[in-house]
Amino acid sequence: MKITVNEKSYNIEKVLTLLDALYKIKSTQDSNLTYDAGCRSGVCGCCSVKVNGKEQLACEYEPQDGDKIEPIKYYPIKKDLLVDKSSGYNLISKERAYLKLYQESTLEKTDESKTQIQTDCILCSSCYSACPVLEVDKNFLGPFALTRAYRYTADRRVANEKEIVDNIQKSAIWDCTLCGECTLACPMGIDPKADILQLRNLSAKHGYMDPNLSNMGFGGGFGFDPNGGF
Amino acid sequence: MISIDILVVGSGISGLSAAISAKQNGSNVLVATKNIPTKCNSVMAQGGINAALGNLEKDSIELHIEDTLKSAHKLANKEMVELLCSNAPDTIEFLEKIGVPFSRLDNASSPLKSVAQRKLGGASSKRACYAQDYTGLKVLHTLLDYTLNLGIEIKDNIFLLELIKNSKNEVCGALFFNFNSGEVEAIYASKVIIATGGFGSIYSKNTNSLGSSGDGIVTVLKAGGVARGLEFIQFHPTTLKGSNILVSESARGEGGYLVDSKNERFVDELAPRDVVAKAIFDKINNREKVFLDLRNIKDITTLMPQELKLIKTYAKVDATKELVEIEPAVHYSIGGIAVDKNFNAINLKGCFAVGECSNALVHGANRLGGNSLLEAVAFGRLAGKKASDYPDSTIEREDIKYNLPLDTNYSNFDIYKAKEILADTLFSGVGIVREKNSLTDAKSRIEKLNIEKLKANGTAKYNTNLTALLELQNANILAQAIIYAANKREESRGSNIREEFPDTKEEFEYPIDVTLGDIK
């Protein structure tokens, strides 16, 4: 069968995963083909690529004849399918998503389930690549970083919730269009869109309002500016 | 040219734990990693992290010590095992306080009492704290969030080449191949901590991440250090047939059975790994098939979501309804850089080693499930503190003289061919069961590959063929070192099983040491 990587075609035998195919090509046909891979089992997040326009983990995807493989979007491309994901890490420190201040809490099963799915994130950036907001706003925090933020705010042990909430107001939760592309792209079944909605509710509790509402032209001072002296 | 207090090489759980504690102890820390932090073996650890919290069954630090020593077959250092096990509850408390999302128990009397625990092989109690079957992933990512937010710099895509020493023979930095720039660069540091992980991926059938090539161990050997106990390589009993994707011990801990072709159980599923792996190996050698039966596990979808997904993806089987065919594969490097009780690498002043790349004498001849994550965090933190408190090496800068193995007259395909032959040779000749002839054959087959003469084609920048060759060169040296150690051990003990020496002998109650001089 035939697959194309960035418009270059390769004939390959039937294999279990796209990663097997990429290795076969690199080791026998085209050693210059460049991609990343690690755990081979869907937990290290290295091998995310786009197949026929949709984000996939190469180590989990079973290749089909005619597949078109491209690198994931929005990160600088180093070579072929290999992108520079290091800026993704900056998003996590930018929003200060971590347990900075611990408050003693004895957690229960319901607490575990509150963040169980969110903490399955492998930082593959599939959601980031699928997000249309980044097309127009390169500073947008994007889905995985916001899921990360939610994961800490939803944890009763975290006493620095307010700081995280403060950091996700600009180019973040209110800029999401709730299109749900991130949710469809996630190989771990995480729903960043739902997490963003939760963060909006939480932000409202902390006195923030959707800035889009104040821009909708109600006129006459109905606009609420969270920084406006309240 | 960068200069810092502590250079941590490796960004798995050991490396990040060491970096955090050194930083909290006041040191200026830089983490160097050959790829990105999520690409490590740590994220693949599923089962759990041991600590005698006694949350579900009666347990004690003494029992934890006893189980660990028993499984080590007299090759562990009692003092180091005591240090490990007595630090375990504090380690879980540290992880709890930075937000690790452990699985929970209801109605607990305190935060630590709420951490769920399961039984793993060789343990006398439910001792492994877990986060579903994503324990390593969730610990690593929580540590990563913490590291990033503490402001510790992580320099990615730099490949460790050599340690730098000053005129007093102290380690004061390291040379790296910078994959992003194509340059060889030096990072100077008053102390260096090696936390580069194991070398499972140099074997053909293994459960490890592709980059587990033992780079730190070889770098230390080249600098004059010692590798200890390399003959002890743990085979995991249950990996999916063919793909060798890991099915965690927790599957048996939660009640899964092993059955043979006649659908009969043939071994205590929760015996230590060396025992279970050998029993399965014997069946397979006898042309039988071995299966894991998970159909009787209650709540399997909540207890082991990852297992079900992996089995579905890579074996195309629904484990809630069907049997899963398995085989043993290389899983963990018990041996590694010889260190003293302060994690200082033997013969290398200013250089520390911790985690799977090291041999701190806690696993002996067979590691218990759940003790490696414990070692990574507990000893990672201790090593970070010890290194931070240790006297500084004087930094002496030198001109960089390092020739990368690049040449346009060579074919990159030769790298992959040699890598595959080396991997197959190790698995067949230095596998679960070894003998003199298989070891000698393996040695000469590997020598004939002339790996040290191979070159990568192309320019250095973003050249994955070059990094593949650098890893292969390390694998080549390690292979010789492993064969040397396995040859010396003329007995069977734990994970070192010798066909012609089936008994354990008193005269071998020590791990074999290897230096570069022994294999040249």
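A, B, ... follow the sequence lines: proteins, then strands. Residue 1 opens every chain.
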So which of [options] has the largest heavy-atom pair count under 4.5 angstrom toward chain A?
options	result
Phe102(B), Tyr314(B), Tyr146(B)	Tyr314(B)
Ala131(B), Gly211(B), Ser103(B), Ala108(B)	Ser103(B)
Asp414(B), Asn206(B), Asn463(B), Asn457(B)	Asn206(B)
Cys40(B), Ala456(B), Ser209(B)	Ser209(B)
Asn180(B), Ile415(B), Thr302(B)	Asn180(B)

Could you look at [X] and say if it's the side chain, the backbone, both or neither that has a heavy atom under 4.5 Å from chain B?
X	result
Cys121(A)	backbone
Val43(A)	both
Ser113(A)	neither
Ser41(A)	both
Asp80(A)	neither

Check whether any side-chain heavy atom of [X] sits under 4.5 Å from a side-chain heavy atom of [Y], and report yes or no.
X	Y	answer
Asp120(A)	Tyr134(B)	yes
Thr110(A)	Asp106(B)	no
Leu143(B)	Tyr98(A)	no
Cys44(A)	Met44(B)	no
Arg40(A)	Leu210(B)	yes
Lys78(A)	Lys461(B)	no
Tyr89(A)	Ile36(B)	yes
Thr106(A)	Ser109(B)	no

Out of [options], return the one with the most heavy atom pairs under 4.5 angstrom to chain B.
options	answer
Gln29(A), Lys114(A), Gln118(A)	Gln29(A)
Leu123(A), Asp155(A), Thr115(A)	Leu123(A)
Thr28(A), Thr34(A), Leu33(A), Leu82(A)	Thr28(A)
Asp111(A), Asp84(A), Ile92(A)	Ile92(A)
Gly45(A), Ser86(A), Ala37(A)	Ala37(A)

Which bit of [X] is near chain A, if near means a heavy-atom gap under 4.5 Å: side chain, backbone, both or neither?
X	value
Thr142(B)	both
Lys309(B)	side chain
Leu246(B)	neither
Ile245(B)	side chain
Leu137(B)	side chain
Lys417(B)	neither
Glu96(B)	both

Taking everything shown except [X] itself, do over 12 heavy atoms lie less than 6.0 Å from its [atom1]?
X	atom1	value
Lys205(A)	NZ	no
Lys54(A)	NZ	yes
Lys14(A)	NZ	yes
Lys113(B)	NZ	yes
Lys24(A)	NZ	no

Tell me if a side-chain donor or acceptor on [X] pairs with a main-chain N or O of [Y] at a distance below 3.5 Å.
X	Y	answer
Lys138(B)	Gln116(A)	yes
Glu112(A)	Pro101(B)	no
Lys39(B)	Cys39(A)	no
Arg157(A)	Gly99(B)	yes

Between [Y] and [X], is there a side-chain donor-acceptor contact under 3.5 Å, judged purely by atom types and distance?
X	Y	answer
Thr464(B)	Lys79(A)	no
Glu60(A)	Thr313(B)	no
Asn149(B)	Lys100(A)	no
Asn465(B)	Lys26(A)	yes

- Query: Does a side-chain N-to-carboxylate-O contact under 4.0 Å join Lys85(A) and Asp156(B)?
  - Reply: no
- Flag the pair Asp145(B) and Arg148(A) as a salt bridge only when some basic side-chain nitrogen lies within less than 4.0 angstrom of an acidic carboxylate oxygen. yes
- CA sep, side-chain torsions, deciding dist, call: Ile122(A), Thr38(B), side-chain contact (heavy atoms from CB on, under 4.5 Å): CA-CA 7 Å; Ile122(A) 58 173; Thr38(B) 55; over 6 Å; no
Quick check for you: to the nearest 0.5 Å, what is the distance between [X] atom [atom1] and [Y] atom [atom2]?
X	Y	atom1	atom2	value
Leu148(B)	Ser93(A)	CG	OG	5.5 Å
Glu93(B)	Tyr102(A)	CD	OH	7.5 Å
Arg104(B)	Lys109(A)	CZ	NZ	12.5 Å
Ser27(A)	Phe413(B)	OG	CZ	8.0 Å

